[in-house]
There are 2 protein chains.
Amino acid sequence: MLSKKTKYALHALTYLGKHRDEKTILIHDIAEEYGISHKFLENILLELKKAGFLGSKKGKGGGYYLIKEPQDIPLSKVIRLLDGPIAMLPCVSLNYYEPCAECKSETECGINKVMIQVRDETLNILENKTLQDILKT
Amino acid sequence: MLSKKTKYALHALTYLGKHRDEKTILIHDIAEEYGISHKFLENILLELKKAGFLGSKKGKGGGYYLIKEPQDIPLSKVIRLLDGPIAMLPCVSLNYYEPCAECKSETECGINKVMIQVRDETLNILENKTLQDILKT
DNA sequence: TATAAACCCTATAAAATAGATAGGGAATAT
DNA sequence: ATATTCCCTATCTATTTTATAGGGTTTATA
């Protein structure tokens with residue numbers, strides 16, 4: 001399951017995407033909209049900013065705003081940033097690969113093979129669906 | 001990511017599947033094969049037994065054995081038993097559904113829609129791949 | 001029938017991760 | 001100047017995962 005952090009990040013991006021006519025959006029407003037902790041969300045927005053999805057402006061009248069076009073933000077990138085691996089096993093993760101300690105031979109492991117399939121199908125969706133797609137509805 | 005519990009369960013089933021010619025298999029032997037804790041594995045095998053995948057025999061000469069045919073054990077069932085939901089969000093889980101606290105309208109949520117797609121693709125694999133498939137290699 | 005082997009069951013401890021909070025710092029509009 | 005708002009790091013709490021402990025029950029066999 002996705003962590004709350006990731007869910008909140010996706011919601012926040014959605015909110016920012018839907019309010020692109022406004023110059024900046026307050027953390028406060030997003031937190032209120034979804035009934036989540038201001039401070040927790042603050043940390044999340046900061047991560048999204050460091051990752052290059054958001055810009056911000058300090059001081060009175062400041063806030064956050066999208067700096068990428070929604071169609072240029074694949075869901076896979078958001079999930080990997082906040083949650084880490086998308087794959088179901090470390091041994092099939094493209095971005096966070098690690099061998100499984102208990103596994104003698106990856107190439108002979110049937111579990112590995114199935115999980116590669118699952119990973120590929122999942123990524124096929126998450127790399128092609130972007131913020132744009134979740135804004136549509 | 002799958003928990004170690006689930007990974008170990010899949011490995012144990014694999015081991016039992018590969019030794020179906022023997023009447024019973026000791027916890028000890030499986031634990032040793034994969035270098036995992038005897039006691040931890042014991043709990044896992046017990047769960048697999050209660051779920052109807054395994055049979056057991058107590059006392060000297062006892063042990064565990066498969067009571068289902070490998071092709072009748074879909075990976076989805078094993079994962080759900082040990083790990084819980086396969087879906088990425090509670091609001092799209094078929095077996096462990098819960099609404100997302102922060103979400104006002106599921107039908108208007110774009111994230112929900114994408115995650116339904118991911119769930120369906122994932123299940124399409126995990127419900128059709130069985131222990132038989134991971135034994136092949 | 002005594003003994004050792006092996007699973008059965010429940011509880012608890014330890015470690016890791018996730019979720020949340022706290023508090024002061026820096027920039028900026030007015 | 002002041003109030004506002006993001007920036008940064010640290011810490012605390014709760015939850016979940018992983019692992020261990022220890023005795024109970026069954027059974028083969030000598």
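Each chain gets a letter, A, B and so on, in the order its sequence line appears, and its residues count up from 1.
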How close do A/L41 and A/A12 get, counting heavy atoms only, and between which atoms? CD1-CB, 4.2 Å

Indicate yes or no for a side-chain donor-acceptor contact from B/D120 to the backbone of B/Q117 under 3.5 Å, with no hydrogens or angles considered. no

Going 5' to 3' along DNA chain C, which nucleotides are the first and last within contact of chain B (any atom under 4.0 Å from a heavy atom)? C/dA5 to C/dT10

To the nearest Å, give me how far apart NZ (A/K49) and C1' (D/dT5) are. 12 Å

Could you tell me how far apart A/I27 (CD1) and D/dT4 (P) are, to the nearest whole angstrom? 15 Å

note: A/I67, atom CD1; D/dC6, atom P; distance rounded to Å ~ 16 Å

Using a cut-off of less than 4.0 Å, is there contact between a side-chain N or O of B/S37 and OP1 or OP2 of D/dT18? no

Round to a whole Å and report the spacing from NZ of B/K4 to C1' of D/dT16. 14 Å

Nearest 0.5 angstrom please: B/I25 CD1 to B/K23 NZ, how far? 11.5 Å

Does A/L45 reach a base, just sugar-phosphate, or nothing at all? Heavy atoms under 4.0 Å. nothing

What nucleic acid atoms does B/K7 come within less than 4.0 Å of, heavy atoms only: base, sugar-phosphate, or nothing? nothing

For B/Y65 against B/K57, the heavy-atom pair lying closest together: CE2-N, 4.1 Å

Do you reckon B/I125 sits in the same ILVMFWY cluster as B/L94, going by side-chain contacts under 4.5 Å, direct or chained? yes

Side-chain contact check for B/K58: nearest option of D/dT20, D/dT26, D/dC6 is D/dT26

Please tell me whether A/V92 and A/L123 are part of a single hydrophobic cluster in this structure, the criterion being side-chain heavy atoms less than 4.5 Å apart. no

A/H28 has an atom NE2; how far is it from atom C1' of D/dA3, in whole Å? 16 Å

Nearest-Å distance for atom pair CD/C1', residues A/E47 and D/dC7: 13 Å

What is the distance from NE2 of B/H38 to P of D/dT20, rounded to the nearest Å? 12 Å

Given D/dC8, D/dC6, D/dT18, which nucleotide is nearest the side-chain atoms of B/F40? D/dT18

Toward the 5' end of DNA chain C, which comes first, A/K5 or A/K60, by nearest nucleotide? A/K5

Do the side chains of B/K49 and B/E42 get close enough for a salt bridge, i.e. N-O under 4.0 angstrom? no

Is there side-chain contact between B/L2 and A/M115, with heavy atoms separated by less than 4.5 Å? yes

Choose from D/dA19, D/dC7, D/dT5 the nucleotide whose nearest atom is closest to any side-chain atom of A/K39. D/dC7

Separation of D/dC7 P from A/L41 CG (nearest whole Å): 12 Å

Among residues 83-95 of chain B, which contact DNA chain D at a heavy-atom distance under 4.0 Å? none

How close do B/G17 and B/L66 get, heavy atom to heavy atom, and via which atoms? CA-CD1, 3.7 Å

Toward the 5' end of DNA chain C, which comes first, A/E42 or B/I25, by nearest nucleotide? B/I25

Kindly assign one of parallel, tilted or perpendicular to the pair B/H28 and B/H38, based on the angle between their ring planes and the thresholds 30° and 60°. tilted

